[in-house]
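Please read the structure below before turning to the comments.
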Amino acid sequence: DAGVTQSPTHLIKTRGQQVTLRCSPKSGHDTVSWYQQALGQGPQFIFQYYEEEERQRGNFPDRFSGHQFPNYSSELNVNALLLGDSALYLCASSRTGPSSYNSPLHFGNGTRLTVT
Amino acid sequence: SQKIEQNSEALNIQEGKTATLTCNYTNYSPAYLQWYRQDPGRGPVFLLLIRENEKEKRKERLKVTFDTTLKQSLFHITASQPADSATYLCALDASGTYKYIFGTGTRLKVLA
């Protein structure tokens, strides 16, 4: 049973460029969350997708956008890259249950983005 | 403001001893609190979840406590081993939302 897979594993971009990161959730999971993790910090919540809609958003600018497909896979897009966007981008999948309960998160190993 | 605080300093402990990690939070009312383990260059791995109406949860050598009055969770690893060396993250649900918020993590090093 495949867990969460992310691609690519590493990426180097130049300031001002745009990037798309991809995520396939664990089998049986319908919810995808994206996190940004700077070195030495905890993961910061970017947004969450459920039923192909952005359900929740963290404190990130509109340059960060996403999409969820009917097969529950997801993309994270970042436009107009800044040096400060360099980080590990983590995708996590879960199952949405009743009363806003989400099952624990299953993470991929992330995409390391370097902006030069 | 809302905060989740973990000891940012690394914790060094001798093999066989009990490691205790702390997670404090302010201005949250979580229904659940979770602990994850993260190894360098890898994504976090879920370890334990404890609900607000549970005082303690155990899984093998791991124990988690949750005190909603103190707004604190303690994470214990008994009979620690060098393989337990990693960064441990606590996470809680931001009540009324579907998102989990993470602390900064505590790096644990178990010395042989």
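- The hydrophobic clustering, which links ILVMFWY residues whose side-chain heavy atoms are closer than 4.5 Å, places B/L62 and B/L11 together.
- More than 12 non-hydrogen atoms from other residues, nucleotides or ligands lie less than 6.0 angstrom from CZ of B/R37.
- The hydrophobic cluster containing A/W34 does not contain B/F102, counting ILVMFWY residues as joined when their side-chain heavy atoms lie under 4.5 angstrom apart, directly or transitively.
- Considering B/T104, B/I101, B/L89 in turn, B/L89 is the only one that fulfils the side chain to side chain contact (heavy atoms under 4.5 Å, CB included) rule with A/P43.
- Contacts between B/Q38 and chain A at a heavy-atom distance below 4.5 Å involve the side chain alone, from C-beta outward.
- Heavy atoms closer than 4.5 Å to chain B are found in the side chain of A/Y35, but not in its backbone.
- Of all the heavy atoms in B/F46 and A/L105, the pair that sits closest is CB-O, 4.0 Å.
- In this structure, B/Y36 and A/P104 have side chains that are in contact, with non-hydrogen atoms separated by less than 4.5 Å.
- Only the side chain of A/Q37 comes within contact range of chain B, with heavy atoms under 4.5 Å apart.
- Side-chain heavy atoms closer than 4.5 Å link hydrophobic residues (I, L, V, M, F, W, Y) into clusters, and following such links, possibly through other members, connects A/Y89 to A/V32.
- No more than 12 heavy atoms of other residues, nucleotides or ligands lie within 6.0 Å of OH in A/Y72, so this atom counts as exposed by the packing criterion.
- For B/Q2, the CD atom is densely surrounded, since the number of other residues' heavy atoms within 6.0 Å is greater than 12.
- One distance of note links OH of B/Y100 with CD of A/Q48; it measures 9.0 Å at 0.5 Å rounding.
- Contact of A/R57 with chain B is made through the backbone alone, with heavy-atom distances under 4.5 Å.
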